[in-house]
There are 2 protein chains.
Amino acid sequence: MSVEDGIDFALIELLFFAYRDFTSDPDQILADYGFGRAHHRVLHFVNRRPGLTVAELLDVLKITKQSLARVLKQLIDTDHVVQLQGPRDRRQRELYPTAKGRALALALARPQSRRIHAALHAALGDSGITERTLVERFLEAMVNPELRAQIDVGSAKMSGKSHGEH
Amino acid sequence: MSVEDGIDFALIELLFFAYRDFTSDPDQILADYGFGRAHHRVLHFVNRRPGLTVAELLDVLKITKQSLARVLKQLIDTDHVVQLQGPRDRRQRELYPTAKGRALALALARPQSRRIHAALHAALGDSGITERTLVERFLEAMVNPELRAQIDVGSAKMSGKSHGEH
DNA sequence: AGATTATGTCAGTACTATTGACGTAATTTC
DNA sequence: GAAATTACGTCAATAGTACTGACATAATCT
């Protein structure tokens with residue numbers, strides 16, 4: 001059943017198709033703003049973790065400072081994100097979404113969320129077991145273990161790690 | 001539970017992280033060959049659907065002819081893919097992986113397949129229900145309906161659509 | 001005071017992708 | 001059989017996203 005040489009080509013391919021179409025929704029909206037996928041990612045995380053610093057953002061996105069610079073500057077210039085001096089450490093710039101930024105982040109997330117929920121329904125229809133928890137756990141397990149800490153913010157998990165002030 | 005404004009930010013984010021790490025495995029191997037993700041995608045589909053034409057490949061990847069050109073040329077020059085004149089239509093170029101190409105495709109798919117299976121175990125451990133079928137159906141449902149035809153090749157489905165000669 | 005840290009910026013480069021235009025060979029249509 | 005269409009290849013120009021390396025500034029830590 002579509003597993004040749006012990007390799008699961010089918011799921012590999014599905015992940016490609018799923019992600020391609022998953023990102024196509026916001027891509028269309030972004031085009032109107034002259035923004036790209038990079039802007040989306042930055043805006044998403046600033047929106048999700050308001051007050052995160054530039055360094056934290058770099059760490060989450062796993063890109064370099066130079067790659068972030070242009071994108072972040074554009075988001076700030078267009079009034080989607082603001083920088084505030086860090087209260088404890090004045091070298092830090094805490095990033096916050098503006099109302100405009102939050103609105104765009106929401107507009108971008110809406111079709112993606114709709115697609116996900118439709119897919120969950122299509123996939124799980126009746127079997128009212130763990131529902132989305134199952135897919136959530138699958139995706140979580142797809143992430144490199146070392147980086148798994150990045151994903152639990154905002155949710156009511158906070159597994160292990162001492163988060164300090166929040 | 002991590003659903004603000006009715007938007008499922010958690011799953012959106014997980015899909016991002018999952019896909020990022022999912023592609024990081026082959027990326028490292030590709031670097032040794034001077035290849036990028038584009039080469040991987042082309043090689044994957046040529047390997048999966050040996051004999052597909054350039055036009056079909058463009059349609060599956062949803063990129064332009066010009067984008068494919070350079071990448072495909074490199075794969076042919078490095079003896080990973082060969083072009084054969086189409087038997088029915090001599091204008092067409094049927095693409096086939098060489099032994100070398102198949103070996104590389106396999107090497108690239110191996111860590112991805114391993115990651116997927118580990119994730120399935122982590123996610124479904126005991127509940128021996130539909131197992132991978134569930135995630136498969138979820139991902140399938142994430143793909144745009146019009147494009148869903150692209151994904152059933154090689155598997156024993158062939159839902160609906162008149163496939164003609166194959 | 002000196003080292004380190006957080007951030008910003010500049011220069012140069014690479015990969016992947018785009019649109020548009022043009023050429024060639026093969027097939028289909030009238 | 002001539003004309004239109006199709007499949008493919010290629011050239012030129014451009015854009016978005018990423019990279020490495022280097023350097024500057026301000027703030028904090030030792």
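Quick note on labels: first sequence line is chain A, next is B, and so on, each numbered from 1.
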By nearest-heavy-atom nucleotide on DNA chain D, the more 5' of A:D89 and B:L72 is B:L72

Parallel, tilted or perpendicular for B:F9 and A:H44, by the 30°/60° rule? tilted

May I ask you to say what B:K65 touches in the nucleic acid, namely base, sugar-phosphate or nothing, with a heavy-atom cut-off under 4.0 Å? base

Any A:R37 side-chain N or O less than 4.0 Å from OP1/OP2 of D:dG16: no

B:S67 side chain near C:dT16 phosphate (N/O to OP1/OP2, under 4.0 Å): no

Interatomic distance, B:Y33 OH vs C:dC15 P [rounded to whole Å]: 17 Å

So if I take every side-chain heavy atom of B:T64 and compare against D:dA27, D:dA18, C:dT18, which nucleotide ends up nearest? C:dT18

Donor-acceptor pair (no angle test) under 3.5 Å: A:Q66 side chain, D:dG21 base: yes

Could you check how far CG of B:L58 sits from P of C:dT19, rounded to whole Å? 12 Å

Provide, to the nearest angstrom, the distance between the CG atom belonging to A:L61 and the P atom belonging to D:dT17. 13 Å

Taken to the nearest whole Å, CD/A:Q83 to P/C:dT7 is 9 Å

To the nearest Å, give me how far apart CZ (B:R20) and C1' (D:dT17) are. 16 Å

Tell me whether the side-chain N/O atoms of A:R91 come closer than 4.0 Å to OP1 or OP2 in D:dT25. no

Just how far, in rounded Å, is P of D:dG9 from CZ of B:R90? 16 Å

Result for 5'-nearest mapping on DNA chain C, choosing between B:Q74 and A:E94, is A:E94

Parallel, tilted or perpendicular, as decided by the 30° and 60° cut-offs, for the rings of B:Y19 and A:Y19: parallel

For A:Q85 and A:L68, find the nucleotide of DNA chain D closest to each by heavy atoms; which residue's nucleotide sits nearer the 5' end? A:L68

Determine the sole option in B:R93, B:R91, B:Q92, B:Q85 for which the side-chain hydrogen bond (donor to acceptor under 3.5 Å, both in side chains) test with B:D89 is passed. B:R91

Heavy-atom side-chain proximity of A:F138 to B:L120 below 4.5 angstrom: yes

Against the side chain of A:R41, the closest entry in C:dT7, D:dA18, C:dA17 is D:dA18

CZ of A:R93 versus C1' of C:dG8: gap in Å, rounded? 9 Å

Considering only C:dA17, D:dT10, C:dT9, which nucleotide approaches the side chain of B:A69 most closely? D:dT10

Rounded off to whole Å, could you give me the CD-to-C1' distance for the B:Q92 and D:dT5 pair? 14 Å

How are the rings of A:F17 and B:F45 set relative to one another: parallel (under 30°), tilted (30 to 60°) or perpendicular (over 60°)? tilted

